[in-house]
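The structure appears below as structure tokens.
Everything quoted here is computed from the prediction, not taken from an experiment. Note: hydrogens, waters and symmetry copies are ignored here, and every other heavy atom, side chains too, is used.
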Amino acid sequence: MFDGIMTMSFHTLNYPIHFLGRTYKHGTLKSSRVIPALATPPSSILVHTGESDNSLKCGGNYVPNMSLSKKDFSTSSILNQGNAIGVIGGVSLDSTLNFVNKFARWGSNEGKDCPPFILCSDPQLMEELLIYERSSFPSLYAQVRPSNLDHTPIVENLKRKRAFLEQGGAQCLVMPCHLLHSWHADVSNGCSVTILHMAECVAKELKEAKLRPLETGCPLRIGVVGSDAVLKSGFYQEKLQNEGFEVVLPDKATMEHTVRPAIEALDRKDIEGARNLLRIALQVLLVRAVNKVIIASHEMHELLPHDDPLLKKCIDPIDALVRSTIKWSQSVERSS
């Protein structure tokens, strides 16, 4: 799928030195450490251009093409295709790579090439997001938002990445991270290209599915489960309500006794315990006659085995974002 067309370039974004590399091997993107001597820039930039002569292949892995680091990104673009995608990674590297893997596979159907994209993933941003998320851990049902949750550095970080991707030639930006959509409006302000909203993608797909209420005379209900920070931000509620859905969130007891403990179990690597707690939380929502449950956490969604019956009632927003991104790219191709 990507034979000879993966390259990596680097660009300094004024952060402390900290770097994670990316490789592509056997059809799956994986994370890997880069040789420290090559790790001077803090953010990793993965570029799929479709131009095989720009890549270096070593033992089945694609390694950084250091000649690209000499480009002046302020005056020239990495990509010049009209359907180029820019990807901003967030709190979970696995979620970012999950998006790219699906985008690559689904976007390459019927013999077509995967649309060109630039992926920007920054370990410092991941750390800032984790701190923010954990700081808001108990605050979903609090009357006052904690005063120490300053998101200004995160927004400024995201705006710099947005500007970089715009300069790099991206014509549509995506953020395969639930928490990042808390600042979608801030990042979109002043942006010259489209920025897809994951919750909006999900809400539109649910609307198009023409679901029927499970109880006569009741509105269509959609459940949402996720971290305190994501649920408190309210963007899933807003986008779903805009499409006419009634949104059902875990109640206080469910958050305290199942959702938060599931997240804590994940942090302890207690996968089985986290899985059992998540199942309870999902069952509680389903009992409240919701048609579908949006799992607004990649780590939570991955807890359930692929053959788990509960998955039939659940939605992975990353899938909706991938489909919407491919549709956008295809619409640009048709109009050009």
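- Within the 4.5 Å cutoff, side-chain heavy atoms of Leu93 are placed close to those of Ser121.
- You'll find the side chain of Gln237 reaches within 4.5 Å of the side chain of Leu249, heavy atoms only.
- Side chains of Pro250 and Thr258 form no contact here, defined as non-hydrogen atoms less than 4.5 Å apart.
- Looking at Met126 and Thr96, their side chains never come closer than 4.5 Å, going by heavy atoms from C-beta outward.
- In this structure Pro305 satisfies the side-chain contact (heavy atoms from CB on, under 4.5 Å) test together with Arg275, Arg279, Asp307, Asp308, sequence neighbours excluded.
- Contact of the Leu220 side chain with the Lys210 side chain is not registered, since no non-hydrogen atoms from C-beta on lie closer than 4.5 Å.
- Taking Thr152 as the reference, Asp150, Glu156 meet the side-chain contact (heavy atoms from CB on, under 4.5 Å) condition, with sequence neighbours excluded.
- With sequence neighbours excluded, no residue satisfies side-chain hydrogen bond (donor to acceptor under 3.5 Å, both in side chains) with Glu243.
- Shown here are the ring-ring contact (aromatic ring centres under 6.0 Å, His included) partners of His184, two or more places apart in sequence or in another chain: His181, His197.
- Between Tyr132 and Trp183, the ring-plane angle classifies as perpendicular under the 30° and 60° cut-offs.
- Checked against Ile295 for a side-chain contact (heavy atoms from CB on, under 4.5 Å), the options Leu304, Leu303, Ile315 give a single hit: Leu304.
- Using a 4.0 Å cut-off between charged side-chain N and carboxylate O, Lys102 and Asp316 make a salt bridge.
- Here Glu127 pairs with nothing under the salt bridge (charged side-chain N to carboxylate O under 4.0 Å, His left out) rule; sequence neighbours left out.
- Looking only at side-chain heavy atoms (C-beta outward), Gln171 and Trp328 come within less than 4.5 Å of each other.
- Every residue meeting the side-chain hydrogen bond (donor to acceptor under 3.5 Å, both in side chains) condition with Arg323, not counting sequence neighbours, appears here in chain and number order: Glu205.
- Remark: Glu200 pairs with Lys204, Lys239 by the salt bridge (charged side-chain N to carboxylate O under 4.0 Å, His left out) rule, at least two apart or across chains.
- Nearest approach of Gly226 to Met255, heavy atoms of both residues: O-CE, 4.0 Å.
- Between Pro219 and Pro213, the closest heavy-atom pair is O-CB, 4.1 Å.
- Shown here are the side-chain contact (heavy atoms from CB on, under 4.5 Å) partners of Asn189, two or more places apart in sequence or in another chain: there are none.
- Residues satisfying the side-chain contact (heavy atoms from CB on, under 4.5 Å) test with Thr325, not counting sequence neighbours, are Ile85, Phe99, Phe103, Val174, Leu196, Leu321.
- Tested against Asp122, the residues Leu158, Ile88, Asn157 include a single side-chain contact (heavy atoms from CB on, under 4.5 Å) partner, Asn157.
- Not counting sequence neighbours, Glu333 has no partner by the salt bridge (charged side-chain N to carboxylate O under 4.0 Å, His left out) test.
- Using a 4.5 Å cut-off on side-chain heavy atoms (C-beta onward), Tyr236 and Val247 make no contact.
- Remark: Thr254 pairs with Asp251 by the side-chain hydrogen bond (donor to acceptor under 3.5 Å, both in side chains) rule, at least two apart or across chains.
- Leu129 is listed as a side-chain neighbour of Leu180, based on a closest heavy-atom distance under 4.5 Å.
- The salt bridge (Lys or Arg N to Asp or Glu O under 4.0 Å) analysis of residues 163-192, with sequence neighbours excluded, yields the pairs Arg162-Glu166.
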